[in-house]
Novice: 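Shown below is the structure under consideration.
Heavy atoms only: backbone and side chains are in, while hydrogens, waters and symmetry mates are out. Counting from 1, the numbers follow the sequence of the chain as shown.
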Amino acid sequence: MKMQAAILRETGLAHPYAETQPMRVEEVELDPPGPGEILIEIAAAGLCHSDLSVIEGIRPRPLPAIIGHEGAGIVRGVGAGVEGVRPGDHVITVFAASCGQCRYCIRGRPNLCPTGFGARAAGTLISGAQRIHQGGRAINHSSGLSLFAQFAVVARRSAVKIEKDIPLEDAAVFGCAVMPGAGAVFNTAGVRPGDAVAIVGLGGVGMNALFAAVASGAERIVAVDANAEKLALARQWGATDTFLAGPECAAEVREATEGGLDTVIEAAGAAKAIELAYAITARGGCLVCAGLPGNEMRFSYAQADLVSSERQIRGSYMGSCVAERDIPKLLAMYRRGKLPVDRLRSGFLGLDGINAGFDRLAEGGVLRQILRPNGAISAN
Ligand SMILES: [Zn+2]
Ligand SMILES: [Zn+2]
């Protein structure tokens with residue numbers, strides 16, 4: 001079938017993207033779903049900071065590609081052997097593709113599946129297939145999803161079926177912002193009632209970490225960002241203390257918290273943010289790094305301090321989530337108002353507005369802009 005898609009052909013272009021247009025909206029050919037694959041009509045896809053890193057060229061990917069890794073839509077077709085979903089079902093996409101058979105997958109850590117990482121580096125679906133073409137040449141997949149398009153063919157395991165009454169523009173955000181943010185708090189850090197938690201970086205991931213810290217019963221929740229408006233929102237949404245990022249910030253937080261916090265969630269993926277996050281982690285505490293920096297970024301710390309203070313530094317990829325297990329739990333929390341992702345929505349855009357959307361994200365003032373590549377599609 002033919003469809004419109006935003007094709008990323010070149011990275012590292014200058015701002016504003018609205019003028020340099022790293023992505024071009026063009027017609028491409030999408031193959032029908034192969035064995036174990038499904039065809040999804042994309043209802044909503046979030047613009048995430050990791051997409052921006054790909055566009056900036058600091059997270060290199062095979063090009064040309066269709067990026068976009070956070071979304072929800074409606075199943076329109078299924079390939080041979082697909083079980084558990086049928087046309088008309090609503091799904092949330094999962095950006096960490098997994099094989100279901102390797103030692104990571106069977107031990108409940110499919111987010112670490114090496115086959116999934118290999119497929120992402122190669123620009124294919126997890127089977128190795130490429131289903132998008134233009135003029136006889138393949139267009140690369142991204143995260144096994146490629147959601148900045150009207151439709152996507154993805155592996156069955158890259159989608160989780162959800163109930164139809166959940167608005168798809170809210171559901172989309174669970175695919176990335178919610179899983180890495182809330183999952184870092186619930187799964188990776190295991191925050192308990194009474195804990196003292198800090199969140200460094202208040203984008204879509206950081207705000208979901210904030211919601212989750214509030215829901216966990218954390219007693220003290222410190223929020224840090226370079227944007228004062230985001231700090232004001234964080235206070236409204238349950239942060240007990242907020243600090244504007246800057247040279248004095250670490251000392252201020254350490255003083256206000258008597259030496260730092262039990263758990264620090266770093267959700268910015270920037271060198272300064274990680275240094276700050278380590279500096280405000282209390283003795284015996286844990287720094288959880290959930291923000292994805294560029295591939296070349298390095299972070300150093302004093303080894304003697306790590307040992308004598310028993311600090312931990314942990315990575316958290318997709319919030320250590322098992323999507324099939326955790327998305328239903330997280331949606332149940334959303335239904336009870338504990339993960340109010342609709343508050344994060346900074347507006348809708350169509351495919352033709354996607355470059356300008358990434359300009360706004362780069363400026364740092366927006367949380368989640370939602371792409372609707374098919375306009376406002378009906379729910380069945
Ligand atoms: Zn993301
Ligand atoms: Zn696997």
Novice: Between F151 and R76, is there a cation-pi geometry (under 6.0 Å to ring centre, at most 45° from the normal)?
Specialist: no
Novice: Verify whether one side chain among S98 and R157 offers a donor that lies under 3.5 Å from an acceptor in the other.
Specialist: yes
Novice: Find the distance between CG (N140) and CD1 (I132) and round it off to the nearest 0.5 Å.
Specialist: 8.5 Å
Novice: For the residue pair W237 and F211, does the interplanar ring angle fall in the parallel (under 30°), tilted (30 to 60°) or perpendicular (over 60°) class?
Specialist: tilted
Novice: Measure centre to centre between the rings of Y317 and F95, then say whether the value is under 6.0 Å.
Specialist: yes
Novice: Are a donor atom and an acceptor atom from the side chains of R235 and T242 found within less than 3.5 Å of each other?
Specialist: yes
Novice: Please tell me whether Y17 and E19 have a donor and an acceptor in their side chains that are separated by less than 3.5 angstrom.
Specialist: no
Novice: Near E29 CD, under 6.0 Å, is it more than 12 heavy atoms from other residues, nucleotides or ligands?
Specialist: yes
Novice: State, without any angle test, whether S320 and T188 hold a side-chain donor-acceptor pair at a distance under 3.5 Å.
Specialist: yes
Novice: Salt bridge check: are E37 and R131 linked by an N-O gap of less than 4.0 Å?
Specialist: yes
Novice: State whether D326 and K329 are salt-bridged, where the test is any N-O pair (Lys NZ or Arg NE/NH1/NH2 against Asp/Glu carboxylate O) under 4.0 Å.
Specialist: yes
Novice: What's the shortest heavy-atom distance between V322 and P110, and which atoms?
Specialist: CG2-CD, 3.8 Å
Novice: Check the pair D51, H69 against side chain to side chain contact (heavy atoms under 4.5 Å, CB included), reporting the backbone distance first and the verdict last.
Specialist: CA-CA 8 Å; D51 297 312; H69 63 274; 2.8 Å; yes
Novice: Using a strict threshold of under 4.0 Å (side-chain N to carboxylate O), is an ion pair present between D165 and R335?
Specialist: yes
Novice: Return yes when atom CZ of R109 has more than 12 non-hydrogen atoms of other residues, nucleotides or ligands closer than 6.0 Å, and no otherwise.
Specialist: no
Novice: Treating N187 as the side-chain partner and G319 as the backbone partner, does any N or O pair qualify as donor plus acceptor under 3.5 Å?
Specialist: yes
Novice: The criterion is side-chain contact (heavy atoms from CB on, under 4.5 Å); which residues satisfy it with F243, sequence neighbours excluded?
Specialist: V222, V224, D241, C249, E252, V253, A256
Novice: Measuring only between side-chain heavy atoms, which start at C-beta, is R311 closer than 4.5 Å to C286?
Specialist: no
Novice: Do you know which two heavy atoms are closest between V94 and A159, and how far apart they sit?
Specialist: CG2-N, 4.2 Å
Novice: I'd like to know whether the aromatic ring centres of F117 and Y104 sit less than 6.0 Å apart in this structure.
Specialist: no
